[in-house]
Amino acid sequence: MNTYSLEAKHYFSRELLAWYNRSKRDLPWRRHRNPYYIWVSEIMLQQTRVDTVIPYFHRFIDKFPSIEALADAPEEDVLKCWEGLGYYSRARNLQSAAREVKEQYGGQVPSDKKAVSDLKGVGPYTTGAILSIAYNQPEPAVDGNVMRVLSRYFLIEEDIMKGSTRAFMEGLVVELIPEGEASNFNQALMELGALVCTPKSPQCLTCPVMEHCAGRIAGMEESLPVKTKAKPPRPEYRAVALVEGVGAEKGKVLIRQRPSEGLLARMWELPHELAPQQAALAGADDAEQMDMLRGVLYEEGISVVPDHFHMQAEHTFSHIHWNLRVYRCTAAANDSSLPANYRYIEAKDMEELAFPKVFLTILNSYFAMV
DNA sequence: AAACCGGGGCT
DNA sequence: AGCCCAGGTTT
């Protein structure tokens, strides 16, 4: 139990709900109460903005209109549909969970808390979102938006990165949900965070609960929520081979598929290799980098002749910053047997293979040039 | 609790 | 250039 007054809580719930009913956005997954649509949208919306998700959502539902269609699709197709959205384990987990729902629950998204939360890729937030939005169950769905709104309105100065703070807010949300309004109320909380109670420069003057917002009254709305900041990504310097085929592979480019686990699992990419730390710090010259690439590929069973520097590129993950230097190479021989995860492709082959954004950019500009 | 896992948009 | 985001899984 907490010490906030019943009056402050009732006011908050009442005014927020009324505001939502007149201001909610018309979003594709709000047009039906289809648990599958809500599930897909919630997975896509993890760490991703609404405007980015909308076109992906339309394409995804068009290609995989039902849980069974998603369960029966080749994983390759699902990854391709997710290409550019990031956090690709979301896509693989979603399909894995769709297969589970098809087999165990007759293709219907379960409405039981444990069953939902046991699905791959579904954690505490998404469990609450599915149960409340799809089935109107009074479960909390506490994401970054909700924690920001609550930390300001109730002036909560606990670090939102701590599990105990999230647990406290989940308890608070359960008290705040008006009878029979879990779906609308949880969406209202997130909608306010997205549209009004924004991270920077919140629009307090248009906020439906401004009058009793303790954070604003204290003049602290800009400094809440309290959040420990993440470590900056570590830099990595990588040499990339853009290998042009010869003979039967003339006009094609060599690509490879990443391992099935870890960073960018099962995505396609240009061959590349981490530059030794010493060389990276010294700003190794291109000749040295090209020689390193040639040697690494030779060890893999691929003979190439690096030719010249082609372009530079960068790619930032949550924890790594890639500095890429791309080198044009020519295949030295018609390797009759490439390693299993390597192949040559032409431009049109990219329509069915999923690449991380940075390789998509490099390949598209290359194929447009030649 | 901390590390791992993408990418885009805003300031 | 740094900050933020409609988080989950693994260790």
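Quick note: numbers below take in every heavy atom, side chains included, and nothing from hydrogens, waters or symmetry partners.
Side-chain proximity of A/V50 to B/dG6, C/dA6, B/dG9: nearest is C/dA6. The A/H315 side chain lies nearest to B/dG7 when the options are B/dC5, B/dG7, C/dC3.
Between A/S183 and A/N136, the side chains place no donor N or O within less than 3.5 Å of an acceptor N or O (distance only, hydrogens not considered). For the residue pair A/S223/A/R152, the side-chain donor-acceptor check at 3.5 Å is not satisfied. No side-chain N or O of A/T127 forms a donor-acceptor pair with one of A/E139 less than 3.5 Å apart. For the 3.5 Å distance criterion, the side chains of A/N184 and A/E181 qualify, holding a donor opposite an acceptor.
Summarising the geometry, the separation between CD on A/E261 and P on B/dC5 is reported as 11 Å, rounded to the nearest angstrom. Remark: C1' of B/dG6 and CH2 of A/W82 are 12 Å apart, rounded to the nearest angstrom. Between the C1' atom of C/dG7 and the CD atom of A/E170 lies a distance of 12 Å, rounded to the nearest Å. We find that CD of A/E191 is positioned 11 Å from P of C/dA6, with the value rounded to whole Å. Between A/F185 atom CZ and C/dA6 atom C1' the separation is 15 Å, expressed in whole Å. Here C/dC3 presents its C1' atom at 19 Å from NE2 of A/H319, a figure rounded to the nearest Å. Protein atom CZ of A/F317 is 18 Å distant from nucleotide atom P of B/dA3, rounded to whole Å. To the nearest angstrom, P of C/dA1 lies 9 Å from CD of A/E314.
Note on A/R25: a base of the nucleic acid sits closer than 4.0 angstrom, heavy atoms only. Across all strands shown, A/I320 has no heavy atoms under 4.0 Å from either base or sugar-phosphate atoms. No engagement by A/G193 is indicated, since no non-hydrogen atom pair under 4.0 Å with the nucleic acid exists. Counting non-hydrogen atoms under 4.0 angstrom, A/K231 reaches the backbone sugars and phosphates but no base. Residue contacts for A/L27: at a heavy-atom cut-off of 4.0 Å it reaches a base atom on one of the strands shown. A/V122 comes within 4.0 angstrom of sugar-phosphate atoms only, judged by non-hydrogen atoms across all strands, and of no base.
For DNA chain C, the residues of residues 28-48 of chain A within the heavy-atom distance limit of 4.0 Å (strictly under) are A/R30, A/E42, A/L45, A/Q46, A/Q47, sorted by number. A heavy atom lying under 4.0 Å from DNA chain B marks the following residues of residues 351-363 of chain A, by number: A/P356, A/K357. Within a heavy-atom distance below 4.0 Å of DNA chain B, the residues of residues 86-95 of chain A found are A/G86, A/Y87, A/Y88. Shown for residues 144-157 of chain A: residues whose heavy atoms fall under 4.0 angstrom of DNA chain C, namely A/G144, A/N145, A/R148. A heavy atom closer than 4.0 Å to some atom of DNA chain C occurs in A/Y125, A/T126, these being the qualifying members of residues 125-135 of chain A.
Not a single ring-ring contact (aromatic ring centres under 6.0 Å, His included) links A/Y366 to another residue, sequence neighbours left out.
Note on A/V196: it does not cluster hydrophobically with A/L155, by side-chain heavy-atom contacts below 4.5 Å among ILVMFWY residues.
Tested against A/E269 for a salt bridge (charged side-chain N to carboxylate O under 4.0 Å, His left out), the candidates A/R238, A/R343, A/R256 yield a single pass: A/R256.
Here the shortest heavy-atom pairing between A/T198 and A/K200 reads OG1-O, 3.0 Å.
Of the C1' atoms belonging to C/dC5 and B/dC5, the separation is 15 Å, rounded to the nearest Å. Between C/dT11 and B/dG6, the distance separating the two P atoms is 16 Å to the nearest Å. Nucleotides C/dG8 and B/dG9 have their P atoms positioned 23 Å apart, rounded to a whole Å.
Between C/dG8 and A/K120, no contact under 4.0 Å exists linking OP1 or OP2 to a side-chain N or O.
Between the side chain of A/Q203 and the main chain of A/S201, a donor-acceptor pair closer than 3.5 Å is present. Put simply, the side chain of A/R90 gets close to the backbone of A/I43: a donor and an acceptor are under 3.5 Å apart. Although no hydrogens or angles enter the test, the distance criterion places a donor-acceptor pair under 3.5 Å between the side chain of A/R99 and the main chain of A/A71.
Note: A/K63 NZ to A/D77 CG = 4.5 Å, rounded to the nearest 0.5 Å. Rounding to the nearest 0.5 Å places OG of A/S318 at 3.0 Å from OH of A/Y87.
In this structure, A/G163 and A/K200 both approach DNA chain B, and ranking their closest nucleotides by distance from the 5' end singles out A/G163. Where A/S117 and A/K227 meet DNA chain C, the nucleotide closest to each residue was compared, and A/K227 sits on the side nearer the 5' end.
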**Message:** Could you go through A/E83 and A/K80, starting from their C-alpha distance and side-chain angles, then the distance that decides it, and tell me whether this counts as salt bridge (charged side-chain N to carboxylate O under 4.0 Å, His left out)?
**Reply:** CA-CA 5 Å; A/E83 182 183 69; A/K80 183 64 187 177; 3.0 Å; yes
**Item:** Evaluation steps, side chain to side chain donor-acceptor pair (under 3.5 Å), between A/D286 and A/Q289
**Value:** CA-CA 5 Å; A/D286 289 333; A/Q289 298 263 21; over 6 Å; no
**Request:** Show your working on side-chain contact (heavy atoms from CB on, under 4.5 Å) between A/F154 and A/K9 and close with a plain yes or no.
**Result:** CA-CA 9 Å; A/F154 293 104; A/K9 291 194 274 197; 4.0 Å; yes
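The pair A/R30-A/E191 meets the salt-bridge criterion, with a side-chain N (NZ, NE, NH1 or NH2) lying under 4.0 Å from an Asp/Glu carboxylate O. Between A/K120 and A/E100, no side-chain nitrogen of the basic residue sits less than 4.0 Å from a carboxylate oxygen of the acidic one, so the salt-bridge criterion is not met.
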